[in-house]
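A, B, ... follow the sequence lines: proteins, then strands. Residue 1 opens every chain.
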Protein chains: 2
Amino acid sequence: MPKPTPLLMTVDVVALSVRPDDGLCALAVRRGSEPHKGRWALPGGFVDKDEPLDKAAARELGEETGVSPRSLELHQVGAYGAPKRDPRGRVVSLAWLTALPASTEVAGGDDATDARWFPVADLLKPRKLAFDHATILKDALALAGRELEDSSFGTRFLPRAFTVSDLREVYEAVWEQELDAGNFQRKVTGVPGLLKPTGRTVQRGRGRPAALYTAGSATTISPPLTRVG
Amino acid sequence: MPKPTPLLMTVDVVALSVRPDDGLCALAVRRGSEPHKGRWALPGGFVDKDEPLDKAAARELGEETGVSPRSLELHQVGAYGAPKRDPRGRVVSLAWLTALPASTEVAGGDDATDARWFPVADLLKPRKLAFDHATILKDALALAGRELEDSSFGTRFLPRAFTVSDLREVYEAVWEQELDAGNFQRKVTGVPGLLKPTGRTVQRGRGRPAALYTAGSATTISPPLTRVG
DNA sequence: TCAAAAGTGTTAACTCTACACCCATGC
DNA sequence: GCATGGGTGTAGAGTTAACACTTTTGA
C-alpha cells in the first residue's frame, strides 16, 4: 500500500437555461488566468478545505457568474479525472448540473473576466470550451434529459409562477423535439402534487389566457414522461 | 481566489452478486489498518498519481478481494465528500458499482485482512459498515435497480452462458419483487440483440430444460422493463 | 403419473397518440 | 370575424398484466 498522493479537486457547474431567442443555453465564463486564459469554460474552481462538495459548486457559480438564487438544485453529473486533463497536474473535476430561469442575469467575477449564456450547440463546437468541458456538458445534457422524464427538474428552469406552455417549452428545448401540447398538458397536470394552481392566469400575446402554476411538492413523475407525442 | 488545497481521493467499489442462498450480496472487506481497523468496509483505496479513476477502482477491487475478471463494467455512483467523513483529513471518495457472477471467489489481500460476501440487508444494519459506506451502498443499490430497467447490466451478474430464469432471479433480487416468469421471458427475449441464443440447453433439477443464452451486443433496453408484472 | 420449470397463447384492461374540438382572448 | 394559444374530449392503436395452457423433464 503506497503512501497516498494528494490531488486537486475542482467543481464545475453546467447551468442550463431556456432562453427566449436562443433556446437551450449553458452558462460559460471567460477564464481570467492560466491555463486556457481567455478561453471559455464552465464556471467552477477548487474545492476549499472543509467545504461540502455541493456548497463548493454553488459558491463557484456565485463567484464567477453572479448567480445566487435562493435555492439551487444541484445534481451530480460525475467525476472527470483523466490524468492529463489539466496541465496544472492531477486535477479531478466533479461536475454538477443545475437549471436557472431565463430571467437570470449573469456577470463575470472573481477569476472570470466575463460570463455569458451560450446556446449549447455553440459550446459543443470543437475547441470552444477549455479542458474536457465539452464532454462534461454533453453528459450533463443527457442527465438533464433523464431528469425531465421522471422528476420535477423541469420546473427549475422557470420562475416561481409559470404556465404549462412554459414548462412544455423547457421540455422541447432539452429533448430537442416537439411535444403535443394537449397531451403534455394532461400529463403534467395529472401528476399528483407536481403543479400547484395559483388560481391566477396570464395573457401572453394572442390566445386564451393560461393558468399559472407554481411547483408543487412532488419531485418524481410516475410513470415517466415519454419523449414521443 | 485562495490557493487550492490538495486533498486525498479514494475509490470505493460496490460489487454486487446474487448468490444462491443469500440473495443479493455485496462484497465487503475487513480493514487491516486505521481508521476503523477491523471493521467491515467497501473495498477501495487511494487513487494513484496518473491513474484513471475507473482503473483505480478496478485495481483496488483486485488488490483487496482477489477479484479480477477480464472485463469489469463499472458505473459511477457518485462522489462523497462531506468534510468530516474520514478522520485522516479531507478525503473525497468516488463510489463505483459493478456486478459479479455468483461463482466469483474472493479472498482478502493487501490492506484487507478478509473479504466476504454479505447479504445487503446485513451491511445496511447501523454501524456495520465503516465511514459513510452504508450511504454509498444504498445509493449504489438504487443505481443498480435503475440500470436493470434500461440496460444490459443484469447480465453482468451471470456467467457467460445463462438462462432467462437466471436473469429473472437477478431482477427479482435487486428489485425485491417477484416477476411473472412468462412475461419476463417474452420481454427480454424480445429486445433485439440483448440475448444471443447459444442453441444449447441446460437441465436444472426438475422441469423442462432451459435454453442457454449469452449476452448480446445490445446495451440498452427500450422500452424499459417495468417493475410490475 | 405427478410435480415442476420453461416457454407460448390469449384476452381484458389499460394507456397512449393523434387529432378534433371548444374556450377565451387580441386584433 | 378570425387567428392564436389554452385546454378538453375521444377513438383507434398499441401495450401490458394476469393467467391459462402446452412442453419437457426428474422423480
Nearest to the side chain of [X] - [options]?
X        : options                : result
B:Arg168 : C:dA6, D:dG6, C:dT17   : C:dA6
A:Pro209 : C:dC19, C:dA24, D:dA18 : C:dA24
B:Arg208 : D:dT24, C:dT25, D:dG26 : D:dT24

Output yes when at least one side-chain N/O atom of [X] is less than 4.0 Å from OP1 or OP2 of [N], else no.
X        : N      : value
A:Ser165 : D:dG7  : no
B:Gln185 : C:dA6  : no
B:Lys187 : D:dT15 : no
A:Thr163 : D:dG5  : no
A:Arg204 : C:dG26 : no
B:Arg206 : C:dC2  : no

Rounded to the nearest angstrom, tell me the gap between atom [atom1] in [X] and atom [atom2] in [N].
X        : N      : atom1 : atom2 : result
B:Glu178 : D:dA18 : CD    : C1'   : 14 Å
B:Arg186 : D:dA18 : CZ    : C1'   : 10 Å
B:Phe184 : C:dA5  : CZ    : P     : 17 Å
B:Gln203 : D:dA27 : CD    : C1'   : 12 Å
B:Asn183 : D:dA20 : CG    : P     : 13 Å
B:Leu212 : C:dA6  : CG    : C1'   : 12 Å
B:Asp180 : C:dT10 : CG    : P     : 17 Å

Heavy atoms only, 4.0 Å cut-off, all strands: where does B:Thr201 land among base, sugar-phosphate and nothing?
nothing
Does NZ in B:Lys138 sit with more than 12 non-hydrogen atoms of other residues, nucleotides or ligands closer than 6.0 Å?
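No, because the 6.0 Å sphere around NZ of B:Lys138 holds 12 heavy atoms or fewer from other groups.
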Is the number of heavy atoms from other residues, nucleotides or ligands within 6.0 Å of CD (B:Gln203) greater than 12?
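For B:Gln203, atom CD is crowded (more than 12 foreign heavy atoms under 6.0 Å).
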Tell me if a side-chain donor or acceptor on B:Gln185 pairs with a main-chain N or O of B:Val164 at a distance below 3.5 Å.
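Looks like no, no N/O pair under 3.5 Å.
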Where the side chain of A:His133 meets the backbone of A:Ala41, is there a donor-acceptor pair that is under 3.5 Å apart?
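Not confirmed, A:His133 side chain does not pair with A:Ala41 backbone.
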Comparing A:Tyr213 and A:Gly207 on DNA chain D - which has the more 5′ nearest nucleotide:
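Of the two residues, A:Gly207 wins.
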Can a donor-acceptor pair be found between the side chains of A:Asp132 and A:Thr135 at a distance below 3.5 Å?
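Checked: A:Asp132/A:Thr135 side chains show no N/O donor-acceptor pair below 3.5 Å.
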